[in-house]
Chemist: 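Sending over a structure as structure tokens; questions will come in a sec.
Naming: A, B, ... by sequence-line order, numbering from 1 per chain.
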There are 2 protein chains.
Amino acid sequence: MSKRASPDDRRRDLIAATVRVLAERGAAGASVRTIAAAAGVSPGLVTHHFGGVDRLVAASYDHIAAQVAAALETAVAGAGPAPRARLGAYVAANFTAPIADPALLATWLALWSLARGDAAMLARHEQHYAAFRARLEDLLGACGVAAERLRLTAIGVTALVDGLWLELCLSPDSFSADEARRIAADYLAGL
Amino acid sequence: MSKRASPDDRRRDLIAATVRVLAERGAAGASVRTIAAAAGVSPGLVTHHFGGVDRLVAASYDHIAAQVAAALETAVAGAGPAPRARLGAYVAANFTAPIADPALLATWLALWSLARGDAAMLARHEQHYAAFRARLEDLLGACGVAAERLRLTAIGVTALVDGLWLELCLSPDSFSADEARRIAADYLAGL
DNA sequence: GTGCTTGTTGCACGAACGTATAACGAGGTG
DNA sequence: CACCTCGTTATACGTTCGTGCAACAAGCAC
């Protein structure tokens with residue numbers, strides 16, 4: 001019983017509902033009916049606007065990846081010209097709103113599990129992580145990290161950030177986002 | 001069409017089949033019928049021996065967690081008495097067979113996604129990670145890490161190891177297990 | 001050999017899944 | 001106002017899910 005909306009708005013609503021459902025009920029609960037109910041529309045709309053639930057999930061992945069990348073870029077832009085500050089801001093932003101939001105972390109984890117076994121989703125993941133690492137290598141290079149150590153260093157930073165994300169999502173009582181930010185900062189300081 | 005077997009053997013077979021299916025088809029493919037087919041038995045046996053697929057998955061989680069903990073403990077025991085060597089062995093073992101096995105990493109990732117939304121599975125995860133961190137704090141303390149920095153340091157090491165695991169599983173072409181071991185060793189050396 | 005225990009199977013059942021499709025109705029254009 | 005476009009709903013269909021249940025058969029006690 002929802003009002004008529006423009007295709008763009010409706011697509012946005014459905015993606016937002018997918019993200020919400022993924023965060024609250026995990027990958028197993030991301031059915032067409034559940035998502036449609038969360039968006040307040042009928043299940044048929046998913047097929048109508050996306051052609052299938054798989055493509056809706058893929059669109060949700062793209063949306064979140066773009067949102068995360070934009071938040072990181074905003075943090076870098078606001079850090080001023082100093083290379084170390086820009087690198088620190090890029091990493092610390094991963095533990096600051098809106099990225100540090102536990103619901104977003106839960107959504108990302110559910111998408112990871114859905115990515116396994118789906119070639120298109122795996123390619124999306126690969127592309128997003130390659131972009132993340134490339135940006136990291138860029139910022140690390142500006143801080144004077146030797147070119148031959150650039151790749152491994154970027155992988156290590158990415159892994160640390162991902163691991164802190166994961167534990168923050170699965171065991172939110174073990175430590176705080178502030179502590180995660182501090183662990184990452186110490187790691188960068190040690191390079 | 002399987003021969004009669006003892007309950008213990010059959011339970012072991014079913015757990016092994018669950019781990020295999022989880023690794024090959026992800027969390028979405030872990031249905032009773034798929035698991036039973038992988039074990040070469042009828043679907044009804046899952047209910048008969050475990051009382052439901054949820055408890056079979058939980059038992060698989062326990063089995064893997066115990067297997068990983070045992071492999072880590074073996075590595076520590078084989079490292080001699082020096083505290084630094086013991087710590088290094090404990091961390092490096094995470095990227096050595098049998099833990100470094102990509103299939104095991106895939107299984108673990110699938111179990112993580114299944115753990116979300118299930119209170120019993122979340123409790124299992126919490127318990128396993130608490131044990132992992134406690135052992136890590138023990139080894140770090142023996143190396144002279146200050147008591148007040150122990151908790152945060154252990155969280156950071158755990159996060160780095162988990163992140164390297166994850167990326168190794170999702171993007172196996174990005175870097176090798178050897179490189180992961182080296183990144184972790186460098187991190188420990190910087191403490 | 002006879003009978004009992006119990007591992008094992010095959011089937012059936014209800015529920016939930018994804019999606020195709022026809023009918024409905026709101027909103028813009030003539 | 002009439003008409004058409006298209007977003008939306010409701011329904012239906014086939015598949016797959018988890019699991020309960022009755023029947024079968026293998027191994028053991030006697």
Side-chain angles (χ1 to χ4, degrees), chain A residues 1-18 20-22 24-61 110-111 113-121, chain B residues 1-18 20-22 24-61 110-111 113-121:
Chain A
M1 282 307 175
S2 142
K3 293 285 181 184
R4 188 189 182 102
S6 84
D8 283 347
D9 287 347
R10 191 59 76 196
R11 284 173 61 93
R12 226 186 315 274
D13 288 348
L14 283 170
I15 289 176
T18 304
R20 208 178 325 135
V21 167
L22 245 28
E24 290 172 1
R25 330 214 345 184
S31 75
V32 171
R33 287 171 173 81
T34 307
I35 293 173
V41 298
S42 107
L45 266 195
V46 171
T47 304
H48 184 256
H49 282 294
F50 289 93
V53 70
D54 294 338
R55 270 180 277 183
L56 170 56
V57 170
S60 302
Y61 189 102
L111 284 170
S113 78
L114 288 176
R116 286 216 33 97
D118 184 341
M121 287 289 287
Chain B
M1 284 303 177
S2 144
K3 293 283 183 184
R4 190 190 182 99
S6 84
D8 283 348
D9 287 347
R10 191 60 76 197
R11 285 172 60 94
R12 225 186 317 273
D13 289 347
L14 283 170
I15 289 176
T18 304
R20 207 178 326 133
V21 167
L22 245 28
E24 289 172 1
R25 331 216 343 184
S31 74
V32 169
R33 285 170 175 82
T34 306
I35 293 173
V41 298
S42 108
L45 265 197
V46 171
T47 303
H48 184 256
H49 282 295
F50 290 91
V53 70
D54 294 340
R55 269 179 278 183
L56 170 55
V57 171
S60 303
Y61 189 100
L111 284 170
S113 77
L114 288 176
R116 288 221 29 101
D118 184 340
M121 288 289 288

Chemist: Confirm from the modelled atom types if R33(A) and dG18(C) form a donor-acceptor pair under 3.5 Å, side chain to base only.
Modeler: yes
Chemist: In whole angstroms, how far is the C1' atom of dG7(D) from the CG atom of L14(A)?
Modeler: 12 Å
Chemist: Expressed as a whole number of angstroms, how long is the span from L56(A):CG to dT19(C):C1'?
Modeler: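 L56(A) atom CG is separated from dT19(C) atom C1' by 14 Å.
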Chemist: If you look at every strand shown and take non-hydrogen atoms under 4.0 Å, does V32(B) touch a base, only sugar-phosphate, or nothing?
Modeler: base
Chemist: Take the protein atom CZ of F50(B) and the nucleotide atom P of dG18(D), then report the distance between them rounded to whole Å.
Modeler: 15 Å
Chemist: Take the protein atom CG of D13(A) and the nucleotide atom C1' of dT8(D), then report the distance between them rounded to whole Å.
Modeler: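 Rounded to whole Å, this separation is 14 Å.
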Chemist: In whole Å, I'd like the distance from the NE2 atom of H48(B) to the P atom of dG10(C).
Modeler: 16 Å
Chemist: Both S31(A) and G44(A) contact DNA chain C. Which one's nearest nucleotide lies toward the 5' end?
Modeler: S31(A)
Chemist: What's the CG-P distance between L45(B) and dC11(C), to the nearest Å?
Modeler: 16 Å
Chemist: Establish, with yes or no, whether the OP1 or OP2 oxygen of dG7(C) is under 4.0 angstrom from a side-chain nitrogen or oxygen of R10(B).
Modeler: no
Chemist: Given side chains that start at C-beta, do those of V57(B) and M121(B) come closer than 4.5 Å, heavy atoms only?
Modeler: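 A side-chain contact exists here, since the closest heavy-atom pair is under 4.5 Å.
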Chemist: Once each nucleotide of nucleotides 23-30 of chain C is scored for protein heavy atoms under 4.0 Å, what B/S/- sequence comes out, 5' to 3'?
Modeler: --BBS---
